[in-house]
Amino acid sequence: MTNTALVVVDVQRDFCEGGALAAANTMSLLQPLKGFVEAARRQGILVVYTQDWHPENHSSFKANGGPWPVHCVAGQAGSELMPPLMAESGDVVIHKGVAVQGAGYSGFDETELEQKLRENGVRRVGVAGVATEYCVRATALDAQRAKFETTVLTDLIRAVQDADVPKVLEELRGSGVKLEPAQDWLTRSR
Ligand code: VGL
Ligand code: ZN
């Protein structure tokens, strides 16, 4: 195992085309991301999937005063990983946003993600997935804060609002997160 993890954030049915809270252009993400996950696995990189995993009465839902339509209810179809992505044995799966309160945007927020990464000797983290301005952003900022060498894989992320992406990427860069195309990061991970 290398000292590197690929964290695939929230690539779930509800965040993909046709889902309750779809990011833009996810159809162009899925096959390249699948191929990249396989290449990373072959290179001994730890693959982590986060899944937004809310109770039915979650505080982020509009009916409860939050900003979002109902999405990613734990165990329902919308919370499934979007095919063709799937977790294999040896991958780590992290459920987040499981409490009623708290948006749970970050994969590190009240989860075992940091512990799992440390257990596996991880020092470098690449972040892909959705949505750029919410859960990818929050997960990358927390990874950097936790002192992982953190890179957002710029061609393997998708946003809800593309107009917001430049300022989010600037913020990430300003906090020390690297921005790099996925293949370049993978090549540097050998
Ligand atoms: C997300 C909004 C609400 C995300 C999760 O995965 O980016 N966005 N819950
Ligand atoms: Zn959510």
Side-chain angles (χ1 to χ4, degrees), residues 5-30 33-34 37 47-83 85-87 91-114 125-145 150-172 175 177 179:
L6 170 63
V7 178
V8 178
V9 175
D10 294 11
V11 183
Q12 295 165 268
R13 290 187 188 275
D14 271 344
F15 294 128
C16 294
E17 249 88 323
L21 182 43
N25 300 318
T26 55
M27 285 310 177
S28 67
L29 171 67
L30 300 173
L33 181 56
K34 181 183 170 64
V37 167
V47 174
V48 178
Y49 290 98
T50 71
Q51 286 177 275
D52 214 32
W53 201 258
H54 298 314
E56 279 181 55
N57 60 343
H58 193 248
S59 59
S60 81
F61 298 164
K62 281 177 182 153
N64 308 311
W68 305 118
V70 173
H71 65 278
C72 296
V73 173
Q76 294 189 4
S79 68
E80 291 171 5
L81 284 179
M82 184 66 186
L85 294 177
M86 48 183 184
D91 296 348
V92 171
V93 176
I94 298 288
H95 290 166
K96 64 184 186 57
V98 301
V100 172
Q101 298 296 331
Y105 288 158
S106 167
F108 290 88
D109 187 7
E110 294 180 35
T111 71
E112 298 192 323
L113 178 53
E114 181 170 359
V125 171
V127 183
V130 297
T132 304
E133 69 273 50
Y134 299 106
C135 293
V136 168
R137 169 185 175 274
T139 300
L141 288 174
D142 275 355
Q144 180 69 26
R145 231 173 256 135
T150 304
T151 305
V152 165
L153 307 176
T154 49
D155 51 333
L156 295 180
I157 56 176
R158 294 293 185 275
V160 175
Q161 291 291 339
D162 280 332
D164 295 340
V165 170
K167 75 172 193 297
V168 168
L169 296 184
E170 255 334 288
E171 178 195 16
L172 289 167
S175 73
V177 173
L179 307 175

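In listed order, ligands and their atoms are each counted from 1. The analysis underlying the following values was restricted to heavy atoms, covering all of them including side chains, and did not include hydrogens, waters or symmetry mates.
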Per-atom contacts of ligand 1 with [X], taking only distances under 4.0 Å to non-hydrogen atoms:
X      : result
Asp10  : 4 (C), 6 (O)
Tyr134 : 7 (O), 8 (N)
His71  : 3 (C), 9 (N)

Atom CD of Glu110 with >12 non-hydrogen neighbours under 6.0 angstrom: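 Incorrect, the count does not exceed 12.
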In terms of residue, atom name and distance, what is the protein heavy atom nearest to [atom]?
atom                   : result
atom 2 (C) of ligand 1 : Trp68 CE2, 3.5 Å
atom 1 (C) of ligand 1 : Cys135 SG, 3.2 Å
atom 5 (C) of ligand 1 : Asp52 OD2, 3.1 Å

Return yes if some donor-acceptor pair links the side-chain N/O of Lys96 with the main-chain N/O of Gly107 below 3.5 Å, else return no.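 A pair under 3.5 Å: no.
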Residues that Lys62 engages under salt bridge (charged side-chain N to carboxylate O under 4.0 Å, His left out), provided they are two or more places apart: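 Lys62 satisfies salt bridge (charged side-chain N to carboxylate O under 4.0 Å, His left out) with no other residue.
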List the atom of [X], the atom of [Y], and the distance in Å for their closest heavy-atom pair.
X      : Y      : value
Phe15  : His71  : CZ-CD2, 3.7 Å
Ser79  : Ala74  : OG-C, 4.1 Å
Glu133 : Asp164 : OE2-OD2, 4.5 Å
Ala128 : Leu153 : CB-CD1, 4.4 Å

Got a second to check how far Ile157's CD1 is from Arg137's CZ, nearest 0.5 Å?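 Result: 13.0 Å between the selected atoms.
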Work out whether the distance between some heavy atom of Glu133 and some atom of ligand 1 is less than 4.0 Å.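 Contact check Glu133 vs ligand 1: negative.
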Side chain or backbone, does Leu21 bring an N or O within less than 3.5 Å of an N or O on ligand 1?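 Not met; the criterion fails.
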Any side-chain donor near an acceptor of the partner, Thr50 and Asp10, under 3.5 Å: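 Indeed, the side chains of Thr50 and Asp10 share at least one donor-acceptor pair under 3.5 Å.
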Using 30° and 60° as the class boundaries, would you call the ring planes of His54 and His58 parallel, tilted or perpendicular?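 Geometry flag for His58 against His54: parallel rings.
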Show all protein N/O/S atoms under 2.8 Å from the Zn ion (ligand 2), or state that there are none.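 Listed by chain and number, the nearby protein N, O or S atoms are Asp52 OD2, His54 NE2, His71 NE2.
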Under 4.0 Å, heavy-atom basis, I'd like to know which part of Val130 is in contact with ligand 1: side chain, backbone, both or neither.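 Just the backbone.
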